[in-house]
Amino acid sequence: MNKVLGIDLGTTYSCVACIDSSGKPVVVKNSEGELTTPSVVFFESPSNVVVGTPAKESGTLYPDEVVSFVKNRMGQSGAVWSVQGAERSPEEVSSYILKKVVADAVTALQGENKLDPDETITDVVITCPAYFGITEREATRKAGEIAGLNVLNIINEPTAAAITYGISDLTDSRVVLVYDLGGGTFDVAMIDITQNAIKVICSGGDHSLGGKLWDDRIIEYVAQEFARQTGSTEDILSDPETFQELVLSAERAKKMLSARDKAPIAINYKGERARVELTREVFESLTEDLLERTILLTRQMLEEAVQKGYASDRVSEILMVGGSTRMPQITRRIQQEFSAPVKMFDPDEAVAKGAAIYAGRQAFFAELIEKTAQETGKSPKELRDEIRSGNVDVQEMTKQVNLQAGVMGVGADIDIVNVTSRSFGTIAYKSVTPQGDGEQEEVLFNMILKNTELPAGRVQDFFTVAPNQKTVTIRVLESLCSEEVAEPCEGTEIGEAILELPEGLPAGSPLKIEFVLGENGLLEMTATETTLHQEVRARFETADAISEADFCAAKQRLEEAMVL
Ligand code: AMP
């Protein structure tokens with residue numbers, strides 16, 4: 001068995017998969033015997049932290065000590081929960097979820113004799129919405145590191161689902177649309193599956209659109225019905241206990257409506273009682289705009305695919321992933337909008353399994369490259385380039401270094417190509433006159449455009465603005481715009497680097513700026529002053545990422561706590 005795990009760190013539920021001895025991905029149950037674990041953390045005391053179903057159920061009694069929907073705030077500056085005497089960042093709260101799901105998986109695998117009693121697993125691949133920017137990805141990585149994990153990569157959820165799906169049948173080439181509606185996020189991606197490659201063409205979505213919003217609509221409706229039935233003018237939702245109870249019953253009712261026409265919801269508030277019978281029809285009309293937003297985002301993504309030469313009629317099937325696609329109105333509406341057949345595909349497990357396949361593949365290649373480098377004297381980079389170019393036979397290479405066939409796992413010889421979900425650029429000055437003299441305006445110059453294949457890179461010439469300029473500040477921004485030149489306000493600044501210039505350079509002296517975005521989504525930027533070849537190299541420590549001090553404090557708290 002490969003000693004790696006794939007983790008779907010979901011907004012509402014998380015799931016872990018490993019690769020079994022036959023090379024297939026399987027989901028590992030948690031200590032409660034469940035295949036998915038609610039992404040909810042109950043800080044019972046500073047030293048006792050409960051994760052999962054028991055934490056979710058504690059929300060009603062201890063609303064101030066229970067944290068949920070943390071993923072929606074991943075990478076946001078200033079996002080903290082003040083619980084049990086500490087300010088907990090989204091990275092820290094997520095680290096408890098990761099710690100629990102990995103520890104449970106290790107215990108389960110030891111119990112099945114797939115791991116020795118003293119063996120553990122730390123190598124993981126974690127998934128995130130395709131829509132996540134660089135800061136949110138970095139925050140996810142940091143959450144893994146706080147939990148003591150070695151995060152091999154962060155990959156997109158729809159890509160992971162497509163890997164699982166693609167690998168289940170590689171005989172036919174096809175283009176699939178992955179519609180992934182989870183608890184807190186919506187992702188949509190177009191993916192080209194061929195016999196030897198799984199390639200993301202385009203992705204889009206909204207990281208605050210998910211099943212929770214459907215629940216919120218039920219909560220609002222029930223509160224209004226309570227007021228109507230009892231005549232009460234009080235805001236029942238401002239009472240934390242009543243609110244938490246409604247959160248649970250709204251989700252329960254929503255799930256019930258996926259199978260039945262009606263769902264009852266009872267509310268007790270200060271001795272007054274009301275009973276609401278929510279019909280599927282009312283529920284669908286309360287939430288219609290949310291569903292329409294997913295359709296709009298899907299159409300936008302398809303338009304971008306057309307610009308890349310993939311017409312929407314090339315989509316041969318639509319994969320429905322994520323727990324919220326179980327709502328029947330979703331499939332019905334998708335089927336009405338698009339002509340390709342709709343398939344429900346392993347909604348809860350596909351993402352974690354794809355992450356496990358990817359992790360296994362990455363571990364396999366790392367070992368193959370290390371062993372081949374030792375035997376041939378070639379550098380790891382040289383070998384990686386040879387494999388990527390398709391000039392070498394991976395199976396042959398595997399035999400030559402005597403790697404066990406089982407280690408190779410499913411999908412090791414399949415190329416997996418991803419795209420960037422954001423554009424990355426820098427602030428430059430553009431003349432406002434056609435002659436290029438006089439007044440200049442700031443523009444956002446995108447070096448790497450959204451939906452470009454990874455790894456991606458570009459070198460571009462820029463020029464100094466003033467005579468004897470001492471420094472150039474290179475501000476790096478990410479954005480969702482698809483044009484090379486855009487308004488600076490369309491981007492979000494994610495970091496900067498300062499290039500010191502030699503004395504006496506005239507205005508208009510040349511500079512070279514290079515952006516390289518790796519397969520792991522990490523951005524590197526190099527700036528060179530080309531008159532005297534002075535260079536600054538900056539790997540982005542993103543502006544909003546957790547500080548070193550907060551990281552160490554969070555790690556220490558987690559190490560000292562018992563995570564159940
Ligand atoms: P995921 O993030 O993919 O685990 O999806 C979790 C979301 O799916 C949550 O909002 C759940 O409430 C929702 N969900 C799970 N099962 C159902 C169901 N049977 N009907 C409607 N929504 C569901």
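For ligands, and for the atoms within them, numbers begin at 1 and follow the listed sequence.
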K.L.:
Considering both backbone and side-chain atoms of Gly211, is one of its nitrogen or oxygen atoms within less than 3.5 Å of a nitrogen or oxygen in ligand 1?
P.N.:
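Gly211 vs ligand 1: no N/O contact under 3.5 Å.
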K.L.:
Under 4.0 Å, heavy atoms only, figure out whether ligand 1 is touched by the backbone of Lys255, its side chain, both or neither.
P.N.:
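Both the backbone and the side chain of Lys255 come within reach of ligand 1.
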K.L.:
Look only at the side chain of Asn451 and the backbone of Ser203, and say whether a donor-acceptor pair between them is shorter than 3.5 Å.
P.N.:
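Checking the backbone N and O of Ser203 against the side chain of Asn451, a donor-acceptor pair under 3.5 Å is found.
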K.L.:
If you measure from each heavy atom of Gly10 to ligand 1, is any distance below 4.0 Å?
P.N.:
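No heavy atom of Gly10 comes that close to ligand 1.
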K.L.:
So, are Asp216 and Lys212 salt-bridged, with charged N and O less than 4.0 Å apart?
P.N.:
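Salt bridge flag = yes for Lys212 with Asp216.
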K.L.:
Is Asp104 reaching over with its side chain to a backbone N or O of Ser31, donor-acceptor style, under 3.5 angstrom?
P.N.:
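Side chain of Asp104 to backbone of Ser31: a pair is present.
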K.L.:
Looking only at protein heavy atoms, which one is nearest to atom 10 (O) of ligand 1, and what is the separation?
P.N.:
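For atom 10 (O) of ligand 1, the nearest protein heavy atom is Lys254 NZ, 3.1 Å.
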K.L.:
Below 3.5 Å, N or O to N or O, backbone or side chain included: is there any such pair between Gly183 and ligand 1?
P.N.:
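Yes, Gly183 has an N/O under 3.5 Å of an N/O on ligand 1.
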K.L.:
Around Glu281, counting heavy atoms of other residues, nucleotides and ligands shown, do more than 12 lie under 6.0 Å from its CD?
P.N.:
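Not more than 12 within 6.0 Å, no.
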K.L.:
With atoms numbered from 1 as shown, which atoms in ligand 1 lie under 4.0 angstrom from a non-hydrogen atom of Gly322?
P.N.:
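Once the distances to Gly322 are compared, the set is 3 (O).
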K.L.:
Please identify each residue that fulfils salt bridge (Lys or Arg N to Asp or Glu O under 4.0 Å) with Lys255, with sequence neighbours left out.
P.N.:
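Once residues adjacent in sequence are excluded, the partners of Lys255 under the salt bridge (Lys or Arg N to Asp or Glu O under 4.0 Å) criterion are Glu251.
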K.L.:
Tell me: protein heavy atom nearest atom 6 (C) of ligand 1, and distance?
P.N.:
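Protein heavy atom at minimum distance: Thr12 OG1, 3.1 Å.
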K.L.:
Angle class for the Tyr62/Phe42 ring planes (parallel below 30°, perpendicular above 60°, tilted otherwise)?
P.N.:
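Ring orientation, 0 to 90° scale: parallel.
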K.L.:
What protein heavy atom is closest to atom 12 (O) of ligand 1, reported as residue, atom name and distance in Å?
P.N.:
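Of every protein heavy atom, Glu251 OE2, 2.6 Å lies nearest to atom 12 (O) of ligand 1.
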K.L.:
Looking at Ser324, which atoms of ligand 1 are within less than 4.0 Å of one of its heavy atoms?
P.N.:
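Every atom of ligand 1 under 4.0 Å from some heavy atom of Ser324: 7 (C), 8 (O), 10 (O), 13 (C).
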K.L.:
Would you kindly check if the NZ (Lys) or CZ (Arg) of Lys254 is within the cone defined by 45 degrees around the ring axis of Phe283 and under 6.0 Å from the six-membered ring centre?
P.N.:
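No, a cation-pi geometry is absent between Lys254 and Phe283.
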K.L.:
Just need the protein heavy atom nearest to atom 19 (N) of ligand 1, so name the residue and atom and give the distance.
P.N.:
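Protein heavy atom with the smallest distance to atom 19 (N) of ligand 1: Arg326 CD, 3.5 Å.
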K.L.:
Show your working on ring pair (Phe, Tyr, Trp, His ring centres under 6.0 Å) between Phe43 and Tyr96 and close with a plain yes or no.
P.N.:
CA-CA 10 Å; Phe43 291 92; Tyr96 287 94; 5.3 Å; yes
K.L.:
Indicate, as side chain, backbone, both or neither, the part of Ser258 found under 4.0 angstrom from ligand 1 when only non-hydrogen atoms are considered.
P.N.:
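Looking at Ser258 and ligand 1, just side chain atoms fall under 4.0 Å.
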K.L.:
Within less than 4.0 angstrom of ligand 1, does Thr11 place any heavy atom?
P.N.:
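Thr11 does not count as a contact of ligand 1 under the 4.0 Å cut-off.
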K.L.:
Do Lys212 and ligand 1 have an N or O pair less than 3.5 Å apart?
P.N.:
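Between Lys212 and ligand 1 (N or O atoms, distance only) the closest approach is not under 3.5 Å.
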K.L.:
Does a side-chain heavy-atom distance below 4.5 Å link Ile265 with Arg275?
P.N.:
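Sidechains of Arg275 and Ile265: no contact.
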K.L.:
Of all the atoms in ligand 1, which lie at a distance below 4.0 Å from a heavy atom belonging to Met327?
P.N.:
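Within the 4.0 Å cut-off of Met327, ligand 1 contributes 21 (C).
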K.L.:
Got the closest protein heavy atom to atom 14 (N) of ligand 1, with its distance?
P.N.:
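Atom 14 (N) of ligand 1 sits closest to the protein heavy atom Gly323 O, 3.4 Å.
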K.L.:
Can you name the atoms of ligand 1, numbered from 1 with element, that are less than 4.0 Å from a heavy atom of Gly182?
P.N.:
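Every atom of ligand 1 under 4.0 Å from some heavy atom of Gly182: 1 (P), 2 (O), 3 (O), 5 (O), 7 (C).
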K.L.:
Please write down residue, atom name and distance for the protein heavy atom closest to atom 4 (O) of ligand 1.
P.N.:
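The closest one turns out to be Tyr13 CB, 3.7 Å.
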K.L.:
Taking the basic N atoms (NZ, or NE/NH1/NH2) and the acidic carboxylate oxygens, is any pair closer than 4.0 Å for Glu145 and Arg141?
P.N.:
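Result for this pair is no, no salt bridge flagged.
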K.L.:
Is it true that Lys270 and Glu234 have a side-chain N and a carboxylate O under 4.0 angstrom from each other?
P.N.:
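Yes, charged N to carboxylate O under 4.0 Å.
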